[in-house]
Amino acid sequence: MMTVKEFQVGMVGTNCFLAVNSNTKETLIIDPGDEAGKLSAYISKNQLQPAAVLLTHGHFDHCMAAGNLAEQYGISVYVHEDEKAVMENPAYNCCGMIGRELVFTADKYFHGKTDHLSAAGFEIDVYHTPGHTPGGVCFYVKSDGILFSGDTLFNESVGRTDFPKGSMSQLVRGIKEVLFQLPDDTKVLPGHGEWTTIGNEKQYNPFV
């Protein structure tokens with residue numbers, strides 16, 4: 001069973017999630033956008049065992065603390081292969097918003113439209129949902145009915161597509177053709193803002 005601890009990190013209030021295996025305390029760190037110290041303090045206090053860092057995409061506000069946490073715990077950073085150019089180019093990863101030039105890296109890459117990851121005792125379907133960025137993904141844990149949607153799908157909204165390499169048509173297509181095929185009671189945990197469900201978004205999201 002998955003227990004989720006949410007943190008708002010960084011200057012734009014990104015949702016970082018610790019997805020904890022309730023039986024083993026193995027933990028997935030999802031979108032650690034900043035404040036590595038706060039995250040590691042919680043991990044230490046609760047004797048969690050980090051297994052991997054998962055990134056929904058490569059904008060600075062989702063991955064600034066990824067490298068530090070991966071090094072601290074000896075774990076890998078995962079991202080989609082189409083996001084490599086975003087992470088490695090300050091013009092694409094939006095770090096100019098905080099007046100810095102930053103380059104990010106990952107250790108392992110997801111491939112294609114769908115991929116699968118077994119980690120921390122969870123089976124995770126990885127859905128490629130470009131639009132906000134070329135390599136944006138969502139993580140679906142079927143056993144717990146949870147979707148980590150990054151900046152693809154929000155509570156009655158969607159991710160911005162006016163950043164470099166964004167595409168509204170791709171974003172909407174991925175939401176309709178992939179995410180909206182999930183059960184209506186699937187909990188959606190987005191990269192910013194409040195949680196929602198697939199059913200709520202199918203009924204009330206004005207963008208799709």
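Note on Phe154 and Val158: separate hydrophobic clusters, where clusters join Ile, Leu, Val, Met, Phe, Trp and Tyr whose side-chain heavy atoms are under 4.5 Å apart, directly or indirectly. Hydrophobic clustering (ILVMFWY, side-chain heavy atoms < 4.5 Å, transitive): Leu179 and Trp195 are in distinct clusters. A single hydrophobic cluster is seen to contain both Leu69 and Met87, as judged by linkage of ILVMFWY side chains at heavy-atom distances under 4.5 Å, directly or through other members. Cluster membership check: Phe207 shares its hydrophobic cluster with Leu153, using side-chain heavy-atom separations under 4.5 Å among Ile, Leu, Val, Met, Phe, Trp and Tyr. No path of Ile, Leu, Val, Met, Phe, Trp and Tyr side chains, each step under 4.5 Å between heavy atoms, connects Leu28 with Leu39, placing them in separate hydrophobic clusters.
Note that CG of Asp34 is 13.5 Å distant from CZ of Phe7, once rounded to the nearest 0.5 Å. Once rounded to the nearest 0.5 Å, the distance linking OG1 of Thr24 with CZ of Phe122 reads 7.0 Å. Once rounded to the nearest 0.5 Å, the distance linking CG of Asn46 with OG1 of Thr3 reads 11.0 Å. The line from OG1 of Thr14 to CD of Glu35 is 9.5 Å long, rounded to the nearest 0.5 Å. Once rounded to the nearest 0.5 Å, the distance linking CG of Asn21 with CD of Glu26 reads 6.0 Å. To the nearest 0.5 angstrom, Cys138 atom SG is 8.0 Å from Ile175 atom CD1.
Considering only heavy atoms from C-beta on, Val12 comes within 4.5 Å of His192 through its side chain. A heavy-atom distance below 4.5 Å is found between the side chains of His59 and His132. Within the 4.5 Å cutoff, no side-chain heavy atoms of Tyr204 are placed close to those of Thr196. Taking 4.5 Å as the limit, every side-chain heavy atom of Lys113 sits out of range of all side-chain heavy atoms of Glu177. Under the 4.5 Å side-chain criterion, counting only non-hydrogen atoms from C-beta, Thr105 is not in contact with Val77. In this structure, the side chains of Val79 and Lys84 stay at 4.5 Å or more apart for every pair of heavy atoms. Residues Leu117 and Leu54 are in side-chain contact: their nearest non-hydrogen atoms beyond the backbone lie under 4.5 Å apart. Side chains of Asp151 and Phe163 form no contact here, defined as non-hydrogen atoms less than 4.5 Å apart.
Counting non-hydrogen atoms of other residues, nucleotides and ligands closer than 6.0 Å to OH of Tyr92 gives a total of 12 or fewer. By the neighbour-count criterion of 12 heavy atoms within 6.0 Å, atom CD of Glu71 is sparsely surrounded, having that number or fewer from other residues, nucleotides or ligands. Within 6.0 Å of NZ in Lys38 there are more than 12 heavy atoms belonging to other residues, nucleotides or ligands. More than 12 heavy-atom neighbours from other residues, nucleotides or ligands sit within 6.0 angstrom of CD on Gln72. Around the CD atom of Gln47, the shell of radius 6.0 Å holds no more than 12 heavy atoms that belong to other residues, nucleotides or ligands.
Using modelled atom types, one side-chain atom of Thr133 and one backbone atom of Gly136 make a donor-acceptor pair closer than 3.5 Å. Using modelled atom types, no side-chain atom of Thr27 and backbone atom of Leu18 make a donor-acceptor pair closer than 3.5 Å. At distances below 3.5 Å, not a single donor-acceptor pair connects side-chain atoms of Asp125 with backbone N or O atoms of His116. Using a distance-only test at 3.5 Å, with no hydrogens or angles considered, a donor-acceptor pair links the side chain of His80 to the main chain of Asp82. At distances below 3.5 Å, not a single donor-acceptor pair connects side-chain atoms of Gln8 with backbone N or O atoms of Asn15. Looking at Asp144, its side chain does come within 3.5 Å of a backbone N or O of Met2 through a donor-acceptor pair. Here the side chain of Asn93 pairs no donor or acceptor atom with the backbone of Gly58 at under 3.5 angstrom. Looking only at distances, a side-chain donor or acceptor of Asp115 sits under 3.5 Å from a matching main-chain atom of His111.
Between Ile75 and Pro50, the shortest heavy-atom contact is CG2-O, 3.4 Å. What you find for Ser149 and Pro190 is that their closest heavy atoms are OG-CA, 3.3 Å. A pairwise comparison of heavy atoms in Glu6 and Phe17 identifies CG-CE2, 3.7 Å as the closest pair. Considering all non-hydrogen atoms of both residues, Ile198 and Pro183 come closest at CB-O, 3.5 Å. Counting all heavy atoms, side chain and backbone alike, Ala52 lies closest to Tyr78 at CB-CE1, 3.8 Å. For the pair Gly33 and Val9, the tightest heavy-atom approach, listed with the atom from each and the gap, is N-CG2, 3.7 Å.
For the side chain to side chain contact (heavy atoms under 4.5 Å, CB included) with Asn155, the lone residue among Asn200, Asn205, Thr197 that qualifies is Asn200.
In this model, no donor atom of one side chain and acceptor atom of the other lie less than 3.5 Å apart for Glu83 and His57.
A salt bridge links Lys202 with Asp184: at least one charged nitrogen is closer than 4.0 Å to a carboxylate oxygen.
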